[in-house]
Number of protein chains: 2
Amino acid sequence: MRKKTIEDYVELIYILQNKDEKVHTNNIASALDINPASVTEIFQKLSEEGYIDYEKYNGVTLTQKGKKIAISTKKKHDTLKNFLTILGIDEKIANVDACKIEHVVNSETMERLTKFVEFVQQFKDGPRWIDHFKYFYETGEYVECNPLNEKKCPVHGSKQQ
Amino acid sequence: MRKKTIEDYVELIYILQNKDEKVHTNNIASALDINPASVTEIFQKLSEEGYIDYEKYNGVTLTQKGKKIAISTKKKHDTLKNFLTILGIDEKIANVDACKIEHVVNSETMERLTKFVEFVQQFKDGPRWIDHFKYFYETGEYVECNPLNEKKCPVHGSKQQ
DNA sequence: ATTATAATTTAGGTAAACCTAAAAATTTAT
DNA sequence: ATAAATTTTTAGGTTTACCTAAATTATAAT
C-alpha cells in the first residue's frame, strides 16, 4: 500500500474508537498491514503533534484536534464513495478510490462534489439522466427522452407499462 | 509538493519533449522545483527501468514503454480535468486536483469518468441538468424544469425570451 | 583557441517511514 | 500467585527521495 498520511491514521483510530473506546497498537497494525513496532512510533508522533492522547501500554484516544481531522476526512470519504457509486462504480472499488482521493483533493472540489451528491440524492430513484448515462455507458448510445412521452424512450419506456 | 511518482516524471518529460525534442536535467528540475542533482538520479533510475533513453550530459527521450505510460497518464489527467470543470470547478484547481488524482485512481473509475465526460459533451451547451446543478449549487434550491414549458423554469426560462 | 559561464554529474548526507529482533510490560490460564 | 502467552516498546537497521557542495563536462564570449 501507498505511504500512509496522518489523515489515514486518525481516520482509522476514529473508526475503531467508535467500536472499542481504546485503540491499541495491534488494531492499527493489522488494519493497515504494518508492523506493531511502527504503530508505536506513529502513536508517539501523533501524540507529539496533538492528535491523540497516548499512554504507554494503554492504547490511544483522539484529542479534539484529532477528532476534527478524523470527522472531516471521513466525511470526504463518504461523499467520494457516494459520488463514485452514483456513477455506477462497484462499491469495493469506490471505497478504495475514495480512500486515496480523500487525501489529495482540494476543499473547493470537495464542496462541489458534496453538492453534486446532494443534488442527485434529491430524486427518489436518482434523476432520469442517470439512467440515460448508464444506458450510454453500457450501449454507447445516447437517446433523447421526453418526459411527456416516456414510452418512446428505450431507457424509461419499459418502466411505465 | 507531495513525493513524485514515475508517472509524474514520465508525463512531464512527454509534455516537454513535444516542445523541445530533448529534455534536460534543468527543465525537469525547475518544473518540479527540485534540485538538478536529484533529476540526474531520477534519470538514472528511469533509464534502468526502461522508461527513457538517457545519455550523460545529453538529455533524455522517452522509450516506447515510457511514452505509453505518459500518454495514458495525460489522458487520465485531461479526463479528470474536464470532469472537474464540468462540475464548475475553477480551471487552476481542476488542474492541480487532476494532477494528484490521476496517480491514485482505479482504471474502472477512470473508464466511468471518461464515459461520463463523453456523455455530457454530447450536448452542445451541456445537458440541462447541469444548469440546474449550478443553480442548486449557488442558491441551494432545486427547481423542476419541464422542457415543454421552459418559461416557468427560473434556470432555463430567461434563456428563451 | 582560451577562458569564463552554465549545465550536469558525483559523492556523501539527511529525514522519514517503514522493518526485525529482542526486551519489557501486561494479560490469561492454571 | 505464578508461569505462560500475548502485547507493546525499544534499539538499531534499511530504503528512498530528496538535499548540498564540489568536480566534471559542455557551451558561449572574446
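Chain letters run A, B, ... following the sequence lines, proteins first, then strands; residues in each count from 1.
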Item to complete: Grab the CG-P distance between B:N35 and D:dA21 for me, whole Å please.
Response: 10 Å
Worksheet item: Tell me the ring-ring contact (aromatic ring centres under 6.0 Å, His included) pairs involving residues 9-42 of chain A, sequence neighbours left out?
Response: none
Worksheet item: Under 6.0 Å between the ring centres of B:F83 and A:F83?
Response: yes
Response to the item:
From CD of B:E55 across to C1' of C:dT8 the rounded distance in Å is 14 Å
Worksheet item: Is a side-chain donor or acceptor of A:T63 paired with a backbone partner of A:Y51 at a separation under 3.5 angstrom?
Response: yes
Item to complete: Within residues 5-18 of chain A, find the residues that approach DNA chain D with a heavy atom at under 4.0 Å, and present them sorted by residue number.
Response: none
Worksheet item: Could you state the CG-C1' distance from B:D33 to D:dC19, rounded to the nearest angstrom?
Response: 13 Å
Worksheet item: Whole-Å distance between C:dT14 P and B:I34 CD1?
Response: 20 Å
Please list every donor-acceptor pair under 3.5 Å in which a side-chain atom of residues 98-113 of chain A meets a protein atom from a residue at least two apart or in another chain.
unit_1: A:E102; atom_1: OE1; unit_2: A:H77; atom_2: ND1; d: 2.7
unit_1: A:H103; atom_1: ND1; unit_2: A:E7; atom_2: OE1; d: 2.8
unit_1: A:H103; atom_1: NE2; unit_2: A:D8; atom_2: OD1; d: 2.8
unit_1: A:H103; atom_1: NE2; unit_2: A:C99; atom_2: O; d: 3.1
unit_1: A:N106; atom_1: OD1; unit_2: A:E108; atom_2: N; d: 2.6
unit_1: A:T109; atom_1: OG1; unit_2: B:D97; atom_2: OD2; d: 2.6
unit_1: A:E111; atom_1: OE1; unit_2: B:Y137; atom_2: OH; d: 3.3
unit_1: A:R112; atom_1: NH1; unit_2: B:L87; atom_2: O; d: 3.4
unit_1: A:R112; atom_1: NH2; unit_2: B:G88; atom_2: O; d: 3.3

Worksheet entry | Pairing residues for B:K74 by the side chain to side chain donor-acceptor pair (under 3.5 Å) criterion, not counting sequence neighbours | B:D78
Worksheet item: Rounded to the nearest Å, what distance is computed from the NZ atom of residue B:K4 to the P atom of nucleotide D:dT16?
Response: 18 Å
Discussion item. Expected output is a numbered-order residue list: members of residues 38-47 of chain A with a heavy atom under 4.0 Å from any atom of DNA chain C. What is it?
Written reply: A:S38, A:E41, A:K45
Worksheet item: With sequence neighbours left out, what residues match B:Q121 under side-chain contact (heavy atoms from CB on, under 4.5 Å)?
Response: B:N82, B:V117
Item to complete: Just jot down the side chain to side chain donor-acceptor pair (under 3.5 Å) partners of B:N58, sequence neighbours excluded, or say none.
Response: B:E55
Worksheet item: Could you give the NZ-to-C1' distance, from A:K22 to D:dT8, as a whole number of Å?
Response: 14 Å
Worksheet item: Can you name the residues that form a ring-ring contact (aromatic ring centres under 6.0 Å, His included) with B:F123, not counting sequence neighbours?
Response: A:Y142
Worksheet entry | Residues in side chain to side chain donor-acceptor pair (under 3.5 Å) contact with A:D90, at least two apart in sequence or another chain | none
Discussion item. According to side-chain contact (heavy atoms from CB on, under 4.5 Å), who are the partners of A:T40, at least two apart in sequence or on a separate chain?
Written reply: A:T25, A:Q44, A:Y54
Discussion item. OP1 or OP2 of D:dT10 versus the side-chain N and O atoms of A:K56: is any pair under 4.0 Å?
Written reply: yes
Show each protein N/O and nucleotides 4-7 of chain C N/O combination with a separation under 3.5 Å, one pair to a line.
none

Response to the item:
Ranking A:A37 and A:N58 by the position along DNA chain C of their nearest nucleotide, the one closer to 5' is A:A37
Discussion item. List the residues meeting side-chain contact (heavy atoms from CB on, under 4.5 Å) with B:E91, not counting sequence neighbours, and say none if there are none.
Written reply: B:K81
